[in-house]
Engineer: 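One structure coming up, written as structure tokens, with questions to follow.
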Amino acid sequence: MDLAGTAVIVTGSSSGIGAAIARRLSGLGAGIVVNSASSPEAGQGIAAELGDAVYVQGDIGDPATAAALVAAAEQRWGRLDGLVNNAGVTISVPLPDFAAVTAGHWEKVLRTNVIGTFLVSQAALPLLQQAGDGWIVNITSLAGVRQTGSSLPYAVSKAALNHLTSIMAKHAEGGVRVNAVAPGLVATPWTEDWHERKAGVEAVAPLHRVATADDIAEACVAIAATRYATGQTFVVDGGLGLVI
């Protein structure tokens, strides 16, 4: 996939999966808009590492952030060819503990994972349509297709994103392709202390390991490069969904 001369926004890209995706796309020649809600030093560091990149700090749940991300691409490169909606949040409440989930938990998770993803996509669509071969990849989760995940609001938010992906793919104009990548458990700073869960995945998943951030970046590139696919959710879980 040759991305020379193109521009891509990667939300939540100061570390983990987002940083791996930004590095992979940059290595293929794309200019990258790096983003994080916090950690500006890390985000600026990734942008500096990539070279042809700009950093925009902002919470994607804020409509102003969506506008700023798209404006940064347009000002730097005069175009936008791709968007990876990677930014997401969860809460520390076990999935079966319904009693512990509050309205505030739902508002926090849905505002970022669903509303924020939509807002950035909405802002990006006009430029993606102009590109002629624009694409969006939403990072969802195995939790959106199986009864698993770090919390109930998180799992439901990811299921909503899978459906948002298919609806946007059906109605996007200008040849814009919209797909999703749904990782299983990934070794990132977010999951650094999830030792029991990782051991469980390694024991039962057919590939007997957890994913790396590079595994997910590879999947993103593969689906973005597949020019006759849209509305699809690509589960990248080492086969875990087959056994849970």
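Not measured: the values here are computed from a predicted model.
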Engineer: Is there a donor-acceptor contact under 3.5 Å from the side chain of N138 to the main chain of A180?
Structural biologist: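 Absent.
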Engineer: Which residue, I60, V54, V10, V120, forms the side-chain contact (heavy atoms from CB on, under 4.5 Å) with N35?
Structural biologist: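 In the set I60, V54, V10, V120, the residue that makes a side-chain contact (heavy atoms from CB on, under 4.5 Å) with N35 is I60.
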Engineer: Restricting to non-hydrogen atoms, name the atom on A211 and the atom on I216 that form the minimum distance, rounded to 0.1 Å.
Structural biologist: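 That closest heavy-atom pairing would be CB-CD1, 4.2 Å.
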Engineer: For the residue pair S14 / S39, report whether a side-chain donor-acceptor contact shorter than 3.5 Å exists.
Structural biologist: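 There is no such pair (donor and acceptor under 3.5 Å, judged by atom type) between the side chains of S39 and S14.
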Engineer: Heavy-atom distance under 4.5 Å between the side chains of V101 and S151, does that happen here?
Structural biologist: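 Of all side-chain heavy-atom pairs linking S151 with V101, none is under 4.5 Å.
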Engineer: Within a 6.0 Å radius of atom CD on E202, are there more than 12 heavy atoms belonging to other residues, nucleotides or ligands?
Structural biologist: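 Count over threshold, so yes.
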Engineer: For the residue pair L185 and W194, establish whether any side-chain heavy-atom pair is separated by less than 4.5 Å.
Structural biologist: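 Of all side-chain heavy-atom pairs linking W194 with L185, at least one is under 4.5 Å.
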Engineer: Which pair of heavy atoms, one from L142 and one from G184, lies closest together, and at what distance?
Structural biologist: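 Looking at all heavy atoms of both residues, the closest pair is CB-CA, 4.0 Å.
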Engineer: With the side chain counted from C-beta on, respond yes when Y55 and V33 share a heavy-atom pair under 4.5 Å apart, and no when they do not.
Structural biologist: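 Side-chain contact under 4.5 Å: no.
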Engineer: Do the side chains of I17 and L240 join up, straight or via other hydrophobic residues, at under 4.5 Å, putting them in one cluster?
Structural biologist: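 Unlinked, I17 and L240 end up in two clusters.
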Engineer: Between the main-chain N or O of V34 and the side-chain N or O of S13, is there a donor-acceptor pair closer than 3.5 Å?
Structural biologist: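 No.
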Engineer: In the structure I gave you, are the side-chain heavy atoms of P183 and D237 within less than 4.5 Å of one another anywhere?
Structural biologist: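 Result no, sub-4.5 Å side-chain heavy-atom pair not found.
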Engineer: With a 3.5 Å distance limit and no angle check, can you tell me whether T11 reaches the backbone of A87 through a side-chain donor-acceptor pair?
Structural biologist: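 At least one qualifying donor-acceptor pair exists.
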Engineer: May I ask you to check if R79 and W77 form a cation-pi contact, with NZ or CZ under 6.0 angstrom from the six-membered ring centre and within 45° of the axis?
Structural biologist: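 The answer is no; the distance or angle limit is not met.
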Engineer: Quick one: closest heavy-atom pair of S157 and V114, and the distance?
Structural biologist: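 In terms of heavy atoms, the two residues are closest at O-CG2, 3.6 Å.
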Engineer: Check whether any side-chain heavy atom of V93 lies under 4.5 Å from a side-chain heavy atom of F98, and answer yes or no.
Structural biologist: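 Side chain of V93 against side chain of F98, heavy atoms only: no contact under 4.5 Å found.
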Engineer: If you take all heavy atoms of C220 and V137, which pair is closest and at what distance?
Structural biologist: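 Shortest heavy-atom contact: SG-CG1, 4.0 Å.
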Engineer: Please name the pair of heavy atoms, one in K198 and one in E192, separated by the smallest distance, quoted to 0.1 Å.
Structural biologist: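 The pair with the smallest heavy-atom distance is NZ-O, 3.7 Å.
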Engineer: Are V235 and Y154 joined in one hydrophobic group, where the rule is that I, L, V, M, F, W and Y side chains link up if heavy atoms are under 4.5 Å apart?
Structural biologist: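 Hydrophobic grouping puts V235 apart from Y154.
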Engineer: Same cluster or not: are V176 and I167 linked, directly or through other Ile, Leu, Val, Met, Phe, Trp or Tyr residues, by side-chain heavy atoms under 4.5 angstrom apart?
Structural biologist: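 Per the 4.5 Å side-chain linkage, V176 and I167 are not co-clustered.
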Engineer: By the side chain to side chain donor-acceptor pair (under 3.5 Å) test, which pairs, at least two apart or in different chains, include something from residues 118-132?
Structural biologist: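 Sorted result for residues 118-132: N85-S121.
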Engineer: Between R24 and A217 (side chain of the first, backbone of the second, donor and acceptor by atom type, cut-off under 3.5 Å), is there such a pair?
Structural biologist: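 No; judged by distance alone, with no hydrogens or angles, the pair does not exist.
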Engineer: Counting N and O atoms only, with roles assigned by atom type, does the side chain of T65 sit under 3.5 Å from a partner on the main chain of G61, one being a donor and the other an acceptor?
Structural biologist: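 Here the side-chain-to-backbone pair does not exist.
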Engineer: Check each of I9, L80, V178, D133 against L128 using the side-chain contact (heavy atoms from CB on, under 4.5 Å) test, and report the only one that passes.
Structural biologist: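 When I9, L80, V178, D133 are each tested with L128, the side-chain contact (heavy atoms from CB on, under 4.5 Å) holds only for L80.
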Engineer: Has D52 got a side-chain atom pairing as donor or acceptor with S26's backbone, closer than 3.5 angstrom?
Structural biologist: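 Not a single qualifying donor-acceptor pair exists.
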Engineer: For residues D214 and A20, report the shortest heavy-atom separation together with the two atoms involved.
Structural biologist: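 Smallest interatomic distance, heavy atoms only, reads OD1-CB, 3.7 Å.
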Engineer: Of all residues at least two apart in sequence or in a different chain, which pass the side chain to side chain contact (heavy atoms under 4.5 Å, CB included) check with E49?
Structural biologist: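 Checked E49 against side chain to side chain contact (heavy atoms under 4.5 Å, CB included); matches are R23, I46.
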Engineer: What I'd like to find out is whether the side chain of T230 reaches to under 4.5 Å of the side chain of W135, using heavy atoms alone.
Structural biologist: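 No; the side chains remain at least 4.5 Å from each other.
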Engineer: Has the side chain of H171 got a donor or acceptor atom that lies under 3.5 Å from a matching backbone atom of M168?
Structural biologist: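 The answer is no, because no donor-acceptor pair under 3.5 Å joins these two groups.
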Engineer: Are the side chain of K158 and the backbone of V145 linked by a donor-acceptor contact shorter than 3.5 Å?
Structural biologist: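 No, K158 side chain to V145 backbone: no donor-acceptor pair under 3.5 Å.
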Engineer: Indicate, with yes or no, if L119 and L110 share a hydrophobic cluster defined by side-chain heavy-atom contacts under 4.5 Å among Ile, Leu, Val, Met, Phe, Trp and Tyr.
Structural biologist: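 No, L110 and L119 fall in different hydrophobic clusters.
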Engineer: Answer yes or no: does atom NE2 of H208 have more than 12 heavy-atom neighbours from other residues, nucleotides or ligands under 6.0 Å?
Structural biologist: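 Buried by this count: over 12 neighbours within 6.0 Å.
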Engineer: Treating N162 as the side-chain partner and T140 as the backbone partner, does any N or O pair qualify as donor plus acceptor under 3.5 Å?
Structural biologist: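 The answer is no, because no donor-acceptor pair under 3.5 Å joins these two groups.
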Engineer: Is it possible for you to say whether L50 and L25 belong to one hydrophobic cluster, with membership spreading through side-chain heavy-atom contacts below 4.5 Å?
Structural biologist: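 Hydrophobic grouping puts L50 with L25.
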Engineer: Please determine whether side chain to side chain contact (heavy atoms under 4.5 Å, CB included) holds for the pair L161 and T117, giving the CA-CA distance in whole Å, both sets of side-chain angles, and the decisive distance to 0.1 Å.
Structural biologist: CA-CA 8 Å; L161 277 188; T117 295; 3.7 Å; yes
Engineer: If you look only at pairs with a residue in residues 86-112, which of them pass as a salt bridge (Lys or Arg N to Asp or Glu O under 4.0 Å), with sequence neighbours excluded?
Structural biologist: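 Counting only pairs at least two positions apart or across chains, the salt bridge (Lys or Arg N to Asp or Glu O under 4.0 Å) contacts touching residues 86-112 are D59-R111.
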Engineer: Under 3.5 Å, side chain of T191 to main-chain N/O of T188, donor-acceptor pair present?
Structural biologist: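 Side chain of T191 to backbone of T188, a donor-acceptor pair under 3.5 Å: yes, one is there.
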Engineer: Can you tell me how far the CD atom of Q232 sits from the CG atom of N179, to the nearest 0.5 Å?
Structural biologist: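 Result: 6.5 Å between the selected atoms.
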Engineer: Testing the 3.5 Å rule here: is there a donor-acceptor pair between the side chains of T212 and D215?
Structural biologist: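 Looking only at side-chain atoms, D215 and T212 do form a donor-acceptor pair, the distance falling under 3.5 Å.
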